Amino acid sequence: MSSASRPPGEPGLLLRAVLALLLLAAAAGVALALVAGQVAPGLSGAVAAALPDSGASNPVTAVLLNFRGYDTLLEMAVLTAAVVGVWSLGPAPRIRETEPSPVLLGMNSVLIPLAPLICAYLLWAGSSRPGGAFQAGAVLAAAGVLFIISGRRPAVHLPAAPMSWGIVAGLGVFLAVALAVMPGGRELLEYPRGLAGALILLVETAATVSIALILAGLFIGGRPEDEP
Amino acid sequence: MSSALLYAGAGMGLLLVGVWALVLRAHLLRKVLAINVMGSGAFLLLVGAGAMGGGPVDPVPQAMVITGIVVSISATALALALVLRIAYATGKAALPEDRERDLMDREGR
Amino acid sequence: MSTWLAALPWMVLAIAIPLLGALAAFVQPRRAQVIGLSFSFLTAGAAVGVVLDFITLGPQQHAVGGWGAPLGIDLVADGLSILMLGMSAVVGVAVSIYARAYFVPYPDKAPRFWPLWLFLWAALNALFQSADVFNLYVTLELMGLSAVALVALTGSGPALWGAMRYLLVSLLGSLAYLVGVALLYHAYGTVDLTLLAERADGGLQLAVPLGAMIAGLLLKTGLFPFHVWLPPAHGSARAPVSALLSGLVVKASFYLVLRLWFTFVPEGEGLPLLLGCLGAAAIFWGSIQALRQKRLKLLVAYSTVAQLGYLFIAFPLAGLEPQMAWSGSIYLALSHAFAKGAMFLAAGAIMTQGGHDEIDELDLVVDRMPLTLAAFALAGISLAGLPPSGGFVGKWLLLESAMAQGKGIWAAIIIVGGLLTATYVFRVLGFAFTRSEHHHERHEVPAAMEWTALLLALGAVLLGFVAPWALPLLDGVLP
Amino acid sequence: MNGAGAMTAVVAPLLVAAALAVPAARPAARRLAPWAPLPAVLLPLFAAGTVDVPWLLLGARLGLDEIGRALLPPTAFLWLCAGLAVPHFVGPERRDGFLVCFLVAMSGNFLLLAALEAVTFYLGFALMSFASYGLVVQAGTARARHAGRYYIVMVVLGEVCVITGLMLLASRSAIDFAAMRASFAGGAPGANNLVLGLLLAGFGIKAGVAGLHFWLPLAHPVAPAPASAVLSGAMIKAGLVAWLRFFPVGELALPSWGLALAALGLGTACYGVLAGLPQREPKTVLAYSSVSQMGLMTLGVGIGLAWPERWPLVQAALLVYIVHHGLLKGSLFLGAGIAHEPLSPGAARLLAAGFVLAAVSMAGGPWSGGLVAKLGLKHGLPATGAWHDVVPPLLVLSSLLTALLLLRFLWVAWPRTAGGRDSPPARLLAGWAVLLATALVLPWWLAAAGTRAGAVGPWAALEAAWPLLAALLLALGVLRLPTLRRVASRIEVPPGDLGIALEQGLRALGRRLDRGLDRVRQHGSVYRQAGRLAALVPAAATVLGRVEGRLSAWSMTGLLLLVVAISAAWLLG
Amino acid sequence: MTTNAWLPLLVLASSLIPGLIIFTLPEKAVAWRITLNLGGALLKILLLVLMMIGVFHGVNYEFRVPLVPGIDFVLHADALSLLFVNLSAVLWLATTVYAIGYLEDSPNRSRFFGYFSLCVTTTVGLAMAGNLLTFLVFYEALTLSTYPLVVHRGTEVARKAGRTYLAYTLLGGVLLLAGTIWLHALTGTLEFVDRGFVRGLDLDPATLRMVFTLLILGVGVKAALVPLHAWLPQAMVAPAPVSALLHAVAVVKAGAFGVVRIIYDVFGIEFAAELGVTLPLAVLAAVTIIYGSVRALFQEDLKRRLAFSTVSQVSYITLGVAIAGPIATIGGLAHLVHQGFMKITLFFCAGNYAETLGVHKVSELRGIGRRMPWTTAAFTVAAFGMIGVPPVVGFVSKWYLGLGALEVGQDWVVYVLAGSSLLNAAYFLPLVRAAWFEPPPDEWPHERNFGRKETAWMLLLPPLFTALAALAWGLFASMPGTPLDWVQFIAARKYGS
């Protein structure tokens, strides 16, 4: 949509001016709020203090999967809901079958086999340094995407049921773990001492698989054809 | 502190740019992108503002941002899928404004 | 309640059960209807568990992960939360039963509806119990995305437009909220509401984030002038979805506004006045727009716009006798959920029966589906604030607090708004008694659809009789 | 008569009327109907006294006082005679309806005579008035309907005046007559005047005082003879009785009211004759005669109001007058009805003789009941003063006029033998004769001894005779002088005289008003404005839609979000 | 809670529950419907008799639950409410019988009778309301339950009439609500008390006057006070039993009863008179009386003429209470009952004419007395009652109204009554005359054959009964147990003597 042929109703100069002014005002407000007044120390101290009990050595991972694991649980729900939503829009649109470029094919042959490897590393690294399930899943999904755009569309031709099982696995396992620890008077997601690391890994692994499938599922933009 | 402020400032800038585009651009893809940009801005602001207190790096905002990013990706994906469907269904990747609204009043479900 | 039931962590289950149900319905699309309905009952049961816990034991708190604020996230079930949970449970169950019947002719939609709806329910329950502003952001997004997807489920062009507009609004609102979260964390180093309440000290540091958050939430609530996304979305969605959106989803963001307000208790007359004015504008604008609609569902959707306005009238009235004004507003929110849910369900039944929802073509609906029309009428009565109904009690409380403070103008607004409501409700009812000139093919409507609508509407009316027991639950929550 | 007796008298006609409504009981009821007044005729002879009936109406008191005892039996007797004549005058197809009205009116008439307080009296009065409507319009002709309309309008006006006056009275005393009369003593003059005025007008309509009499000459001729007989003989007396009941006659001196009433009465007496003379129908002439006679009775009430101490005499005279005139006029009306039909020579002779006797008596001729009544009235006058000097000559004049009018009656109603094939049944004639005889004799029996004595002397006879003779001469003169005769025949006064002109004027006014209202309705500004407003609705709807469209533009939403957020922060900070 | 508390509730339930069941009955279940209807009506009367006996022995019947914080939902049986409840119950029975006959073979009877019962339930509730809020609840519920009856026929005209009806009544409800709220904010209570609860509180008279105005306008809509009366003639499109009920018992009376409650039990008559609000109200009522009669004069449609007559007659009640004297109170309150019986008779008869002969217009009444003597007799009695001719009850009301007005020196009222009587006569007597004394036409507009009877007995019995009652209560007005007797008892309480 070029600005030369603006349809009627496209904003005019006045609107832009007003908008600019308002944005400036808003920016000024936020800036003032940032600069003026006290700055709270944050929670790094608390995190550091609780880190040993968290089952993860990386503070971010500890926050992500333990201290604020509930956020992540819901985040998985958001992801799953998104893919359910996208699938609910209808069957996956058919991408015009074009002959993929040889460059892509060549690259694929290198990258796709590498992806699981990188994925596994990221997953493992997550507990101690930057990394984790999402990053790992994303890499895996990227491989899937590459695979799809090269003309092979596994997700489309794959039976839907296994894929959906895979999609729910992340949230399902997470939820199962979160609930499973509760008997014995513990709260939701209150990992028993000592088991925290293992449980986090379990959750992360399942999440990785799911995230990969979800991202790929989101990419194809609709439900597999054999879904009712 | 200063780098944190820089991050926060950049985040704010991205927010402004995002709002600008969201308001002024009609094409839905641009709007989705604008939201995405705004999202990034907000995350930057969260991290930057959270870090302004100095001291060791605060992992909590970072974790929040990761969660936020995933949420944002989900939303973006859904939005894009919708844009695609709208383009298919109506032949136009834009929201109906004044004129088309009347049409919708009449026949929409 | 036997002991083992009492010992169950109902707060958690109210969130986990719908999530599990969503997953189950998703992986078993052929059995989605059965699974969905079963999990709906379970979810509602869990919500009832929370309510009973509250009644027997008082406000409940649950520190997820055992960490507690500020490191961890707390779940809290106080009076306000359980009212909202209970409301969602009742409306949710009704809509679920209705949807079970409604989706029988649409085998391709049912497997999509149930997971999304259960996600939505989980998000609602999570939202109502969360005491953590960032966690609230995630729940808001979960709620928003599933709601958008539910709207898009219809599949038609207008529905997609409606969904898209809704999505953009929802995201924009969430982002504004998120900016507020960022600034709050910056200023106070925590995202826990209780701690924030202790630490917040007013000034620009509170004003800017709170302003951003409230504005974003107003956008999501659909308060005038942000209502423009609401009628397209609610009006074009499938009937059960519309019922959920209008009944529950907009209440969630309103709930959040209230929660923030009760947490920070901002001073000053300005913002309450602004909110009140917007509310008043919403009442008039929504009602007038509802009056000119030709389609039933759009009328009902605009009615939501108007009714949402009432909820905000409490702000300028909360000065001297906050208890009464807030009670009124919350009670209105509750009864609106029931009534509007019933109304949309009734509208859906009418549409199913006649294949259309043109108001002046209603064609003897009174004879063909008396139960549905009764549901619509009862819901309308509650909306219009006619006694005896939940809406009446809510409006009464607002009116009384207005009159007690000598703020007659607000009373006048409430009263005139009620008249306008009655006008558009009875416009529909009037046409239901007449015969249409055109012939419409008629379809059977399952009894379950009619009865759920009616029972929900009766619920809205019955709310008018339980106020003396329901309102004390709010003790200690209101500022 | 005790309460049960009075009740029986009142209820008996009602019971018969109710029986007429039931098909099975109808034949028996028809036969029984004429005899319904019998209890009222007989019972007063055996029982006396008053009784309170607290459960009836607003606490009723029934019984026969002096007035009731004097009036009820003759009245009932008149009803009885009239009732016996009904089958002859009313065709079988309408007889049931007529009888119901007749019986109900009868019951009302008895009730008002037996009532001893205002509410019951009013009930009887209303019952009688409304039911008589059915008697008036019985013929079903256009003329009857017109008369009926006139009648009912006047009745309603009268009732309203009466009830208003009674309310005003009742507001300051109990509802029994004595208390009401006594309350005038303590009442403010203004209030008294108001009450008296209202009652005068309200009952004056019934009594047919000049200016309110218009219905009378319209209604009496169109009704069947028995109905006219009771209307003129019994019912119009109710107005007079009411005055006796409610006016403080004999208790309080109200000279100006007395004078006014006397003047009104005398005026009515003359006016009735003057308006009646040009009439061409026997029953119309009789009706005007009633008006005129009622005028004389009004004079009596006037005397009573002006001279309380004379009241006992006046009242006695008035009662005689009422009985005499009632029965006589009843018989005349019945006779006129009979004379209207083909008669055998014998019947014609009988009727002619009766008419002459009746006329003489009515004009107060020598040895007549009428003379007794009139003398009684004269005795009631104060012994000295203006009244004493002025009234007697006027009474003489009235006798003369009455005689003239009755001559006119005899002229138009003279029974003639026609064909002679069908003659009225002997029973009918016999009944009529009995009635006439009673009318002639009864005054002698009722009147005070002094009056009676005064009436029999030769001087009295002479004094009574000369106005009659004068009238006769006058009439003969008119007949003899062709010019006068022509002039007299040219004078046309419609029955109802001035009332007809009044009616036409009112109708014209109503039509004009109606046209005016129509014009307002068509061109009224309110309606036009409403239409203009209605035309605005679609335009407003378009505007509303457009505004809503503007609001839905994203640019607007975005801007507004910023505005709200900034102002919220501003207002908070 | 004792049985004393439950009895008022049972009285409500005796029509509510049959009503609800009737909704669910299929159209063909005639016998069931009739049984339920009549059973409910008889049961209600039975319960009321029990309650009357109780009240006579000093039992306090009160049902009370909290409704909104600080205010209870109160059903209370006092003398005044029993007056109205009994009126409703008795006339409900009559109307039910009538409606069964009237609606024979017409569609949607279950719906009709369902709403019919609801309507009575709300009226009874309204009568027993123990405070202003409860009153308001039933007042609005009454609007809602009558609306379906008004639009019952489902024609475009009916829909429009329904719209007008709602526009007025809802507006009235809103005004009442505003007044109630305001009053509660001022006084903190809404409980009806003999001689008023506002009395004795030290409040700003100007404010109280405004509250009074709001409240009276609120109930004035239903009481059809000019200029709030326009809905009433339009609502005539409803079936005859509905008109009968609307005019004689439910809606219009609810308004009038509201006036009574507000003046006597909210403000207290003496206090209201002190405030100076009664005189304007009396004047307004007087204007309504005259205006309604004048309009009635020009109506060609029989039911519309009756409707305008109602406008006029109902204001007698308002006038009576506004005159502010014990005797006028008796007149006004008695008219509450008296007008009910007379007007319901008139509507029954009008319905009979329409249903039996298709006669709707005044001009079509010619000679109808021959064809339908019993109906016309009932009509005549009621019409004479309206005019105020003894011994029909209308006279008793007028008598007391007039005396009451004179007692307190409001002489002008008497002339208003006189004028109204004249006008009443002017628009009723021509009907009576035409019916009895004109020849019948050769053919009636739409005659239905009932064999040797003039019409169906279920149509005939109710008007005869009500006409007879109207006659008897006038004739035996002073007997114990008549409405007048009861009303005198009430008036004594309201004046604290």
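Bear in mind the structure is a predicted one, so any value in this text is a computation, not a measurement. All chains are named by letter (A, B, ...) in the order of the sequence lines, taking the proteins before the strands, and each is independently numbered beginning at 1.
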Problem - Pick from A:Ala27, A:Ala40, A:Gly221 with the largest number of heavy-atom pairs that fall under 4.5 Å of chain B - result: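 With the most close heavy-atom pairs to chain B, the winner is A:Ala27.
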
Handout entry: Heavy-atom pair count under 4.5 Å with chain B, highest-scoring of A:Leu218, A:Leu24, A:Leu22, A:Leu79
Key =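 The option with the most such pairs is A:Leu79.
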
Exercise for the section: Tell me, for B:Leu80 versus chain A, whether the close heavy atoms (under 4.5 Å) come from the side chain, the backbone, both or neither. Expected result: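 For B:Leu80, no heavy atom lies under 4.5 Å from chain A.
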
Problem - Which atoms of B:Leu84 approach chain A - backbone, side chain, both or neither, heavy atom under 4.5 Å - result: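 The answer is the side chain of B:Leu84.
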
Exercise for the section: Among A:Ile214, A:Val78, A:Leu215, find the one that has a side chain to side chain contact (heavy atoms under 4.5 Å, CB included) with A:Val83. Expected result: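 For A:Val83, the side chain to side chain contact (heavy atoms under 4.5 Å, CB included) test succeeds with only one of A:Ile214, A:Val78, A:Leu215, which is A:Ile214.
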
Which region of [X], side chain (C-beta onward) or backbone (N, CA, C, O), has a non-hydrogen atom less than 4.5 Å from a non-hydrogen atom of chain B, or is it both or neither?
| X | result |
| --- | --- |
| A:Ala20 | both |
| A:Ala31 | both |
| A:Val47 | side chain |

Handout entry: Closest heavy-atom pair and its distance - A:Ala62, A:Ser54
Key =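 Looks like CB-OG, 3.4 Å.
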
Exercise for the section: State, to 0.1 Å, how close A:Leu65 and A:Ile200 come at their nearest heavy-atom pair, and which atoms those are. Expected result: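 Heavy-atom minimum between the residues: CD1-CG2, 3.7 Å.
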
Handout entry: Inter-residue atom distance A:Glu75.CD - A:Leu64.CG, 0.5 Å rounding
Key =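 Separation between the atoms: 6.5 Å.
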
Exercise for the section: Against chain A, work out which of B:Val60, B:Leu16, B:Val70, B:Ile66 has the most heavy-atom pairs shorter than 4.5 Å and name it. Expected result: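 Ranked by heavy-atom pairs under 4.5 Å with chain A, first place is B:Val70.
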
Handout entry: Side chains of B:Thr67 and A:Asp71, donor plus acceptor under 3.5 Å
Key =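 No, because no side-chain N or O of B:Thr67 sits under 3.5 Å from a partner of the opposite role on A:Asp71.
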
Problem - Any side-chain heavy-atom pair of B:Leu24 and B:Arg30 under 4.5 Å - result: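 No, too far: nothing below the 4.5 Å cut-off.
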
